[in-house]
Amino acid sequence: MSSTLGTPPPDQAAYMLRAAAGDAGRAYKQRLLDLLDIRAGQTVLDVGCGPGTDLPALAERAGDGGTVIGVDHDPAMLLRARERTAGLDRVEVREGDAHALPVAPGTVDRARIDRVLMHVAEPADVLGQLRRATRPGARIGLAEPDWDTLAVDAEDLETSRAFTRYTTAEAVRHATIGRSLPRLAGGAGFRVEAVLATTPVFRDFHEADHTLGLGRNMQRAIDAGYVDHDRGRRWFAALSEGPFYASFTLVGVIGSR
């Protein structure tokens, strides 16, 4: 067996595009898009747009008279986003930090943040920036996982639980932010209109290893002392040998100003 478990760390842009293309990714993104209720001529903001995965769909809803602004801090992501939207005149891709959005105050009609708040330094400050950027009557959509709900089926249940403990304690900065979205959105001055819970389910081991980082994160859990070396490697090897199941909860919030 290789000394490194699972797939190597993926190219981040390719990872985001692949995750969005899966059944679970398409389903929750479509629901969030529908509930945002983007109308022709509106200005739409995508905070942490990454490689521009969702910018074309937002632009289609905003129409020729609308404007879509994608913001990201990563030059590689910005390059991919600009390539992806090269033929869309009403899409602007801007370099910027979510904690200091490069958007004039009170100019945005619709805004979304999708799986970004779990990584930022101060989620509440980012939502404060979002409120500053939106105009009265604006609508926002937020989506974040709650990694404390990560469940991986295995005969060695205690190791699965240890893997989840490592994920929430070490692997993700704000691992349980999904459950906090309604409170944080309300605290930022938004009126919470709807709270959604989706459960992405993985039945394919290789897809789960790519998306959830089963192998690479188990290796890190072993190195950090959360799991015994031999027990962790047996757990990972057994996952690929039979029927596979893993899931987690993704929480969405629709809010308004």
Side-chain angles (χ1 to χ4, degrees), residues 10-22 25-26 28-123 125-135 138-145 181 185 188 190 250 252-255 257:
D11 170 78
Q12 193 64 21
Y15 168 83
M16 293 177 71
L17 290 168
R18 180 171 169 178
R26 288 197 306 272
Y28 91 82
K29 284 178 177 291
Q30 185 62 50
R31 191 176 185 194
L32 197 67
L33 182 62
D34 290 342
L35 289 171
L36 263 180
D37 189 28
I38 299 169
R39 301 179 183 183
Q42 290 185 326
T43 296
V44 184
L45 174 63
D46 188 6
V47 180
C49 67
T53 309
D54 301 305
L55 296 179
L58 297 175
E60 182 179 1
R61 298 286 181 106
D64 292 338
T67 299
V68 174
I69 303 167
V71 175
D72 208 280
H73 74 283
D74 186 329
M77 293 291 185
L78 293 167
L79 178 62
R80 296 289 290 273
R82 289 180 177 126
E83 291 173 347
R84 191 174 184 84
T85 60
L88 301 175
D89 295 337
R90 303 299 295 176
V91 175
E92 303 174 18
V93 178
R94 302 179 184 178
E95 182 173 4
D97 191 321
H99 298 84
L101 290 172
V103 179
T107 58
V108 171
D109 300 293
R110 298 290 188 267
R112 67 190 295 279
I113 304 179
D114 183 359
R115 294 171 300 142
V116 171
L117 294 175
M118 63 177 171
H119 299 303
V120 303
E122 298 293 342
D125 290 350
V126 173
L127 290 175
Q129 282 285 301
L130 198 66
R131 191 178 192 283
R132 182 191 69 86
T134 50
R135 68 176 87 244
R139 198 167 178 85
I140 67 164
L142 313 173
E144 298 290 336
L181 284 181
F190 293 104
L250 185 74
V253 164
I254 299 296
R257 272 201 59 179

> Of the non-hydrogen atoms in K29 and D54, which two are nearest, and what is the gap between them?
Replying inline: NZ-OD2, 2.8 Å

>> Can you tell me how far apart CE (M77) and OG1 (T53) are? Round to the nearest 0.5 Å.
In response: 8.0 Å

> Residues two or more places apart in sequence or in another chain: which of them pass side-chain contact (heavy atoms from CB on, under 4.5 Å) with A111?
Replying inline: L45, V108, L130, T134, I140

>> Do R135 and D109 make a side-chain contact, defined as non-hydrogen atoms from C-beta onward lying under 4.5 Å apart?
In response: yes

> How far apart are the closest heavy atoms of D114 and E144, and which atoms are they?
Replying inline: C-OE2, 4.2 Å

> Taking C-beta and beyond as the side chain, do R61 and D34 meet within less than 4.5 Å on heavy atoms?
Replying inline: yes

> What closest approach, in Å, do L36 and G141 show between heavy atoms, and which atom pair accounts for it?
Replying inline: CD2-N, 3.5 Å

> Taking atom CG of D46 and atom CG of L55, what is their separation to the nearest 0.5 Å?
Replying inline: 5.5 Å

> If you take all heavy atoms of R115 and Y28, which pair is closest and at what distance?
Replying inline: NE-OH, 2.7 Å

>> Any non-hydrogen side-chain atom of V68 less than 4.5 Å from a side-chain atom of L88?
In response: no

> Roughly how far, to the nearest 0.5 Å, is the CG atom of L35 from the CZ atom of R139?
Replying inline: 7.0 Å

> What's the verdict on side chain to side chain donor-acceptor pair (under 3.5 Å) for Q129 and D125, showing C-alpha distance, side-chain angles and the deciding distance?
Replying inline: CA-CA 6 Å; Q129 282 285 301; D125 290 350; over 6 Å; no

>> Within the 4.5 Å heavy-atom criterion, are V71 and L101 side-chain neighbours or not?
In response: yes

>> Take a 6.0 Å sphere around CD of E83 and say whether it holds more than 12 heavy atoms from other residues, nucleotides or ligands.
In response: yes

> Tell me, do P145 and M118 make a side-chain contact under 4.5 Å, heavy atoms counted?
Replying inline: yes

>> Per the salt bridge (charged side-chain N to carboxylate O under 4.0 Å, His left out) rule, what does the pair list look like for residues 91-102, sequence neighbours excluded?
In response: E92-R94

> Does H99 NE2 have over 12 foreign heavy atoms under 6.0 Å away?
Replying inline: yes

>> Looking at every non-hydrogen atom in both residues, tell me the closest pair between D74 and D72 and how far apart they are.
In response: N-OD1, 3.0 Å

> Would you say the side chain of L32 lies within less than 4.5 Å of the side chain of I254, judging by non-hydrogen atoms?
Replying inline: yes

> Roughly how far, to the nearest 0.5 Å, is the CG atom of L127 from the CD atom of E122?
Replying inline: 11.5 Å

>> Using a 3.5 Å distance criterion without hydrogens, assess whether the side chain of R110 forms a donor-acceptor pair with backbone atoms of D37.
In response: yes

>> Using modelled atom types and a 3.5 Å cut-off, is there a donor and acceptor pairing between side-chain atoms of R112 and backbone atoms of V44?
In response: no

>> Using every non-hydrogen atom in the two residues, find where R132 and A104 come nearest and quote the distance to one decimal.
In response: NH1-C, 4.2 Å

